[in-house]
Structure formats: C-alpha cells, structure tokens
Amino acid sequence: MRFDIVMNPASASGKAEKVFERIRPVFESSGHEYTLHVSDRENSIGSICARICRRAGEKRIVIIGGDGTLNEAVNGMSDFEHTLVGLVPCGTGNDLVRDLDLPKDPVSIAELMVQGSVRHTSDIGEIAAVIDGQTVTRSFVVSTDIGFGAATCEYVSKSKIKPLLNKAGLGKLCYLIEAVRVCFREKRADVRVTGDESTAVYRGCICAMVMNHRFEGGGFNFAPSADPNDGQFDLCISSGLSKPQFMFILPTAYLGMHTGFRGIAMGRARELRLDATRPVYLHTDGEVLGRTRAVRIRLSAHKLRLMM
C-alpha cells in the first residue's frame, strides 16, 4: 500500500510538523510506502489532493490538520470512489474526530490508518451561494451555516489570542470568547428556510446551522441526533431570543441540552435554501466564504471513505 501524507504546516499555530514527527515512526515501521506533501501559498492542500486523485488506482490520503484542512482537501478531490481519507487532528476545533469518538492521541489514530481499510463513511454536503455578486460552490463534511456560527469562525480566524490559546492547548476557549463578541456585535437578519416540503420564516434569526455531524465550533453538540450516513442534514435554528437568553442557552449546547429551549428549532432535510434579509457570514467546516443573502444546500452523490 501507498500513503500520501498531506500536511498544513500552519495548522494549530505550527503544531502540524510536531504531530508528523510523532506519527512518522508508525508509517516507517508499517512497511508501506509513503510520500509527504507540505502545502504552501503556491501549493495548496486542494491542489495537492487534486494531483493525487488524478493517479489511477486506489489512493490513501492522510491529512494532518484540522477540519478546515480536511475541507480544503475534499474540495480538491475528484475520485471519491477510489480514495480513502484519514485525518490526524491538529486544529482548533477537531469536530470530525470528536464526532467519530476517536482517540485524541495522533499515534493511535495513525495506527488505525496504516491498516488502510475503511472504518467510517460520511455524507458530503454541497453549497451554492451568491457572494459579492458571484455564485460560489463548495463541499463540506462537518457542517455549514449562516449567522452566528459562521461569524464566530470569522472572528476566531482573526483572533490575536488564538495562537497563544492553541499553544496552551486551550483552542476551544477561543471559540467561546469570540462567540460572546459575535453575540453582541453582529446584527441579525430574518431568514426564510425552505426544506424538502416546507418553508418557514425565522424573525431575528441568530443562526441557521446545517449539520452533517453532531459537533461544530470546537465541541458544541448542536445536532445530537445527526447521523453522517442517513442521507439528510440536521438543522439547528435559533431565532427570536434576546442576547442574555441566547448566552444562557449557548453553553448547554456543549451537552446537546439546548434543543428543548424556546427559540431553538430542530429539523431534517435533504435539500435546503436559506434566504436572509441582509448579508450574513457563511462557512463550510469552519472556513468562512464571506457574507451572503442566499445559499442552496444539497447532498453530494459521493461518500467520503475514512480510514479512522
């Protein structure tokens, strides 16, 4: 077997290289061939994975990075049928690994991967959104949403304390700090949500989350019942709450206990359209695409095959 290890050296404030040095002996002692690919400004994660996928035969790609790095990789892939993917977590959120209930130790995860077999599969979502007058398309694995969650990701990406918290192993705290700032700074929009067979308008919508997996934002269990293989998305929509009410409910989402509160709507759908009355932030797997007023979301025809 052959493995292509793709590393984002900037992930988690530079921890990726240290993680690779920890898992290197696992691959060297496995007896399998491996090639290390390191991304940079001219050689993105997506372009590396695109080149790998153009090869004939079975591909095994190991990503060292966070959920955002995996998102870049998936958006570069073209041959999902013959490609197996592994993620060695080295990011701020690490929500995919959390959802799959995998060990936190990267060496333990690497030991699963060198067996080269499919351990999990996951649906893949696709979005099409109008941003700055142009239609942007993007795939996602964990989640996508407009409003609060996306704005928090934007604030986190620009946070000056994020590198310090990551080095101290407190990356999740950055999400909580920036979530508070978003709550008090970002203006709300009314959002019309059109699902498979229904339409609803949410006044003063704080966020409209479309979840493929259970967790987002570094451990918030926004969709406790989400199944990444059931062929539908789980929705978590918050609207009509005051700022103090929302801040009271938000911490309960770590335990998935937010679903019974007034102002929190849950649902499921295979296809969606979100229309907002004002531009709001949009993200896919924590990667912010910009502000939009209209986004369509559907399931991809492909499945992601995971080696962990």
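Computed from a prediction, not measured in an experiment: that's the story for all the values here.
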Does any part of the side chain of [Y], heavy atoms only, come nearer than 4.5 Å to the side chain of [X], both counted from C-beta?
X: Leu235; Y: Leu272; answer: yes
X: Thr144; Y: Arg138; answer: no
X: Ile45; Y: Val6; answer: yes
X: Asp105; Y: Arg22; answer: yes
X: Ile61; Y: Ile63; answer: yes
X: Lys104; Y: Ile109; answer: no
X: Val295; Y: Ile146; answer: yes
X: Ile127; Y: Leu289; answer: yes

[atom1] of [X]: more than 12 outside heavy atoms within 6.0 angstrom?
X: Asp40; atom1: CG; answer: yes
X: Met257; atom1: CE; answer: no
X: Glu28; atom1: CD; answer: yes

Could you tell me whether a side-chain N or O of [X] sits under 3.5 Å from a main-chain N or O of [Y], the two making a donor and an acceptor?
X: Ser198; Y: Gly195; value: no
X: Asn94; Y: Asp67; value: no
X: Arg60; Y: Gly116; value: yes
X: Asp95; Y: Val142; value: no
X: Lys158; Y: Glu154; value: no
X: Asn229; Y: Thr121; value: yes
X: Asp190; Y: Ala276; value: no
X: His213; Y: Pro228; value: no

Closest non-hydrogen atom pair between [X] and [Y], with its separation:
X: Ser117; Y: Leu84; answer: C-CD2, 3.9 Å
X: Arg188; Y: Cys205; answer: CB-O, 3.7 Å
X: Glu17; Y: Pro9; answer: OE2-CB, 4.2 Å
X: Glu287; Y: Glu72; answer: OE1-OE2, 4.4 Å
X: Ala128; Y: Thr137; answer: CB-CG2, 4.2 Å

Inspect the contact between [Y] and [X] and indicate whether a charged nitrogen and a carboxylate oxygen are less than 4.0 angstrom apart.
X: Arg298; Y: Glu126; result: yes
X: Asp196; Y: Arg270; result: no
X: Glu178; Y: Arg181; result: yes

Start with the C-alpha distance between Phe233 and Phe140, add both sets of side-chain angles, then the distance that settles ring-ring contact (aromatic ring centres under 6.0 Å, His included), and finish with yes or no.
CA-CA 12 Å; Phe233 302 112; Phe140 66 92; 5.7 Å; yes

Qualifying residue for side-chain contact (heavy atoms from CB on, under 4.5 Å) with [X], from [options]:
X: Leu274; options: Thr292, Asp145, Thr194, Val193; result: Val193
X: Ile264; options: Leu241, Ile206, Ile237; result: Leu241
X: Met113; options: Val62, Ile5, Val26, Ile23; result: Val62

Within residues 257-267 or reaching into it, pairs that qualify as side-chain hydrogen bond (donor to acceptor under 3.5 Å, both in side chains) - sequence neighbours excluded:
none

Mind checking whether [X] and [Y] sit in one hydrophobic cluster, side chains of I, L, V, M, F, W, Y counted as touching below 4.5 Å?
X: Leu100; Y: Leu70; answer: yes
X: Phe184; Y: Ile249; answer: yes
X: Phe261; Y: Leu255; answer: no
X: Val201; Y: Val191; answer: no
X: Leu112; Y: Leu87; answer: yes

Measure centre to centre between the rings of Tyr254 and Phe215, then say whether the value is under 6.0 Å.
no

When the ring centroid of His32 is compared with that of Phe3, is the distance short of 6.0 Å?
yes

For Glu186, all residues meeting side chain to side chain contact (heavy atoms under 4.5 Å, CB included), sequence neighbours excluded:
Ala151, Tyr155, Val182, Tyr281, Arg291

With sequence neighbours excluded, tell me which residues meet side chain to side chain contact (heavy atoms under 4.5 Å, CB included) with Ala179.
Phe148, Thr152, Leu250

Please check if any side-chain donor atom of [X] sits under 3.5 Å from a side-chain acceptor atom of [Y], or the reverse.
X: Ser242; Y: Gln245; result: yes
X: Arg98; Y: Asn221; result: no
X: Asn75; Y: Asn71; result: yes

Gap between atom [atom2] of [Y] and atom [atom1] of [X] - 0.5 Å precision:
X: Ser122; Y: Lys303; atom1: OG; atom2: NZ; result: 7.0 Å
X: Glu58; Y: Met1; atom1: CD; atom2: CE; result: 10.5 Å
X: Leu299; Y: Asn212; atom1: CG; atom2: CG; result: 7.0 Å
X: Met7; Y: Phe20; atom1: CE; atom2: CZ; result: 7.0 Å
X: His37; Y: Ile52; atom1: NE2; atom2: CD1; result: 4.0 Å
X: Cys53; Y: Met77; atom1: SG; atom2: CE; result: 5.5 Å

For residues 221-244, which residue pairs qualify under salt bridge (Lys or Arg N to Asp or Glu O under 4.0 Å), counting only residues two or more places apart or in two chains?
Asp234-Arg268

Asp275: what forms a salt bridge (Lys or Arg N to Asp or Glu O under 4.0 Å) with it, not counting sequence neighbours?
Arg192, Arg273

Should Glu21 and Lys18 be marked as a salt bridge (charged side-chain N to carboxylate O under 4.0 Å, His left out) after you check the CA-CA gap, both sets of side-chain angles, and the distance that decides it?
CA-CA 5 Å; Glu21 290 304 322; Lys18 294 181 180 179; over 6 Å; no

Just grab all the ring pair (Phe, Tyr, Trp, His ring centres under 6.0 Å) pairs involving residues 44-103, residues at least two apart or on different chains.
Phe80-His302

Lys59, Arg55, Arg305 screened by salt bridge (Lys or Arg N to Asp or Glu O under 4.0 Å) with Asp79, the one that passes:
Lys59

